[in-house]
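Just below is one structure, and these are the notes that go with it.
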Amino acid sequence: MALNSIWVVAEPGNTALTTTSLELLSQARTLGSSVSAISWGADAAAHAIEAGQYGATTLYDVGDLHGALPGVPVAQAIAALVASVGAPDVILLPASYDGRDIAGRLSARLDRPVLTNVTGIADEGGIVTEHPVFGGTSIVKARFCAEGPGIVAVRAKSFALEATGGPSATVVTAPTGDLPASTSSIIVTSHVEERSGPKLEEAQVVVSGGRGLGEADRYTLIEETAKLLGGAAGASRAIVDAGWVPYSHQVGQTGKTVKPTVYIACGISGATQHMVGMKGSKNIVAINKDPDAPIFQIADFGIVGDVNKVLPALIAALKDRG
Ligand SMILES: Cc1cc2nc3c(=O)[nH]c(=O)nc-3n(C[C@H](O)[C@H](O)[C@H](O)COP(=O)(O)OP(=O)(O)OC[C@H]3O[C@@H](n4cnc5c(N)ncnc54)[C@H](O)[C@@H]3O)c2cc1C
């Protein structure tokens, strides 16, 4: 391995480190001989156990932010760490809202560039990153030319999640120093969207509906099929824009990236902007009345038919199965 040291910003979610953070730790382990995580929140010990399971040996803890947005304090802490313990070869961050906020601020503090929207990282005598462009129809490769550390913001589901079962990472307190007044704005309350099944990004089965459903009420067919299969309900942007379902359901370039074992696209044409968010699924099933719909080009199984007839039949069959 040519890379000595990789730092991963491991973002705490509601109950544990986010899945994207763990994906980054999994990939970092394959690229560098030493992987450290940088995290924050009230429970550093729990984060250290989790980060250790995914290959980090050290967890730099920025501490409890008491509701402050992480952008300023975490970027400041990482910059201070670079000054005190030396720079890693590369710093990986999830391309989440907070991850991108930290990346931008860190770039300004360290005067180093950021590569964003990354879906692949390899060591080719230095970090080389992959970025989908033109709705995912082409991939461009990029590398840092200047002195490191390079800052890389990576999209969810770019890498497989692989725990090593390693020991807890050693917790080291990260220096935050005096924080500017901007951290005095705090999150007073946050709401977690109600859902009964698995999260869309983590579900093993995703059933998505598109404009072919015909009307908003028929989305219940998607929800019922997803529920019977123990999966999550997704959507194309067309029906999100039409106000049939919330944006949190959207799969695609400007929505979520999913990689389930089974993806069922119902009444979805297969625009490149939709496919970029689901084409990594292991098995793709498409139901569309148009045999020439582009979605059939990437489908493993295709049903040419009216989704409003096929789904009720599928629901009845699943209920019969018990
Ligand atoms: C910058 C940009 C970003 C975008 N980001 C996204 C994104 O993140 N996600 C996304 O999904 N889109 C995205 N889009 C929009 C995308 O280009 C498409 O417009 C959208 O995906 C189309 O949604 P759809 O397939 O539901 O609708 P349509 O393209 O209208 O397709 C409907 C399909 O349903 C079929 N159909 C009709 N009736 C039936 C029936 N009764 N039974 C079975 N099939 C039927 C039709 O044959 C057709 O194939 C983006 C576009 C842009 C420009």
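Indexing begins at 1, ligand by ligand and atom by atom, following the structure's order.
Nearest protein neighbour of atom 42 (N) of ligand 1, counting heavy atoms only, is Val307 N, 2.8 Å. Looking only at heavy atoms of the protein, atom 12 (N) of ligand 1 is closest to Arg237 CB, 3.2 Å. For atom 44 (N) of ligand 1, the nearest non-hydrogen atom of the protein is Lys289 N, 3.1 Å. Of all protein heavy atoms, the one closest to atom 30 (O) of ligand 1 is Arg211 NE, 2.9 Å. Remark: minimum distance from atom 31 (O) of ligand 1 to any protein heavy atom is reached at Ser269 CB, 3.3 Å. At the top of the distance list for atom 34 (O) of ligand 1, counting protein heavy atoms only, stands Gly267 O, 3.1 Å. In terms of protein heavy atoms, atom 37 (C) of ligand 1 is closest to Gly212 CA, 3.4 Å. The single protein non-hydrogen atom nearest to atom 7 (C) of ligand 1 is Gln250 NE2, 3.2 Å, given as residue, atom name and distance.
Here the side chains of Leu93 and Val114 are not in contact, with every heavy-atom distance at 4.5 Å or above. In this structure, the side chains of Tyr54 and Val8 stay at 4.5 Å or more apart for every pair of heavy atoms.
Between atom 23 (O) of ligand 1 and the options Ala242, Ala238, Gly209, Gly234, the minimum heavy-atom separation is to Ala238. Of the candidates Gln273, His274, Lys309, it is Gln273 that places a heavy atom closest to atom 14 (N) of ligand 1. Across Asn288, Ile295, Val240, Thr272, heavy-atom proximity to atom 49 (O) of ligand 1 is greatest for Asn288.
Between Glu224 and Lys227, no side-chain nitrogen of the basic residue sits less than 4.0 Å from a carboxylate oxygen of the acidic one, so the salt-bridge criterion is not met.
Taking CD of Glu223 as the reference point, atom CG of Leu221 lies at 9.5 Å (rounded to 0.5 Å). Atom CZ of Arg105 and atom CD1 of Ile78 lie 12.5 Å apart (nearest 0.5 Å). Rounding to the nearest 0.5 Å places CD1 of Ile287 at 9.5 Å from CG of Leu213. Within the model, atoms OG of Ser269 and CD1 of Ile295 stand 7.5 Å from one another, a figure rounded to the nearest 0.5 Å. For the atom pair OG of Ser107 and CZ of Arg100, the computed distance is 15.0 Å after rounding to the nearest 0.5 Å.
Glu130 and Thr119 are not linked by any side-chain donor-acceptor pair at a separation below 3.5 angstrom, with hydrogens and angles left out of the test. Using a 3.5 Å distance cut-off with no hydrogens or angles, the side chains of Glu201 and Thr19 do not pair a donor with an acceptor.
Ligand-side atoms of ligand 1 in range of Gly255: 8 (O), range being under 4.0 angstrom from any heavy atom. Here is the list of ligand 1 atoms found below 4.0 Å of a heavy atom in Ser236: 11 (O), 23 (O), 24 (P), 26 (O). Listed by atom number, the atoms of ligand 1 under 4.0 Å from Gln253 heavy atoms are 7 (C), 8 (O). Less than 4.0 angstrom separates some heavy atom of Asp306 from each of these atoms of ligand 1: 40 (C), 41 (N), 42 (N). Atoms of ligand 1 found under 4.0 Å from any heavy atom of Asp290, numbered from 1 in the order shown, are 47 (O). For ligand 1, the atoms sitting less than 4.0 Å from at least one non-hydrogen atom of Gly210 are 26 (O), numbered in the order shown with element in parentheses. Using a 4.0 Å cut-off to heavy atoms of Gly252, the atoms of ligand 1 that qualify are 7 (C), 8 (O), 9 (N).
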- Start with the C-alpha distance between Glu11 and Leu24, add both sets of side-chain angles, then the distance that settles side chain to side chain contact (heavy atoms under 4.5 Å, CB included), and finish with yes or no. CA-CA 11 Å; Glu11 196 180 354; Leu24 294 191; over 6 Å; no

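Residue-to-ligand polar distances place Val251 within reach of ligand 1: an N/O pair is separated by less than 3.5 Å.
Heavy-atom separations between Gly305 and ligand 1 include at least one value shorter than 4.0 Å. For Ile239, the closest heavy-atom approach to ligand 1 does not fall below 4.0 Å.
Note on Val307: it clusters hydrophobically with Ile239, by side-chain heavy-atom contacts below 4.5 Å among ILVMFWY residues.
Within the 4.0 Å heavy-atom criterion, the part of Ala271 lying near ligand 1 is the side chain and not the backbone.
Distance check on atom 19 (O) of ligand 1: every protein heavy atom falls at or beyond the 4.0 Å cut-off.
When all heavy atoms are compared, the tightest approach of Leu106 to Ala79 is CD1-N, 4.0 Å.
Applying the ring-ring contact (aromatic ring centres under 6.0 Å, His included) test to Trp40 and every residue at least two apart in sequence or in another chain returns nothing.
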